[in-house]
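Read the structure below first, then the notes.
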Amino acid sequence: MAELQLSPADRNLTPDAVEALDARRDLGHTFLVIAGQFALIAIVLMLWVGQDLTYSPGWAHPMLYYFSFALGGIALFAIVGFILRRGR
């Protein structure tokens with residue numbers, strides 16, 4: 001009998017399809033973990049962004065650039081991770 005807690009598309013999978021599904025979900029979980037690590041780095045960088053904007057001359061704002069890169073990494077890895085975990 002099929003497992004009723006699974007979505008209708010996932011109820012009658014072959015063993016190879018189950019392995020592919022597990023691999024996709026594992027990759028999605030890995031991307032969510034990477035997004036979490038970028039979030040921790042962004043929290044630490046946020047402590048220096050204000051000081052960097054105040055005291056750095058001209059366009060020389062490396063902490064702002066690193067913080068922007070971290071936010072982009074969070075968005076990218078979180079979106080891809082959620083998509084891979086849900087299966088869309």
Legend entry - Worked check of side chain to side chain contact (heavy atoms under 4.5 Å, CB included) between L71 and I74: CA-CA 5 Å; L71 290 180; I74 292 168; 4.2 Å; yes
Inset, instruction - Step by step, work out the side chain to side chain contact (heavy atoms under 4.5 Å, CB included) result for W59 and Y65. - result: CA-CA 10 Å; W59 287 93; Y65 303 140; 3.8 Å; yes
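Nearest heavy-atom pair, L64 versus D52, reported as atom, atom and distance to 0.1 Å: N-OD2, 3.3 Å. In plain terms, the two heavy atoms of A78 and A35 that are nearest each other are N-CB, 3.8 Å.
Between atom CZ of residue R24 and atom CZ of residue R86 there is a gap of 10.5 Å, rounded to the nearest 0.5 Å. Note that NE2 of H61 is 9.5 Å distant from OG1 of T54, once rounded to the nearest 0.5 Å. To the nearest 0.5 angstrom, D26 atom CG is 9.5 Å from L21 atom CG. Once rounded to the nearest 0.5 Å, the distance linking CZ of F67 with CG of L53 reads 10.0 Å. The CG atom of L32 sits 11.0 Å away from the CD1 atom of I79 when rounded to the nearest 0.5 Å. With rounding to the nearest 0.5 angstrom, the CD1 atom of I34 is 5.0 Å from the CZ atom of F77.
Ring-plane geometry between F38 and F69 is classed as perpendicular, the angle between the planes exceeding 60 degrees on a 0 to 90 degree scale with a lower cut at 30.
Under the 4.5 Å side-chain heavy-atom criterion for ILVMFWY residues, no single connected hydrophobic cluster contains both V33 and F31. Hydrophobic clustering, with ILVMFWY side chains joined whenever heavy atoms are under 4.5 angstrom apart, keeps I43 apart from L45.
Under a 3.5 Å cut-off, the side chain of R85 and the backbone N or O of G28 do not form any donor-acceptor pair.
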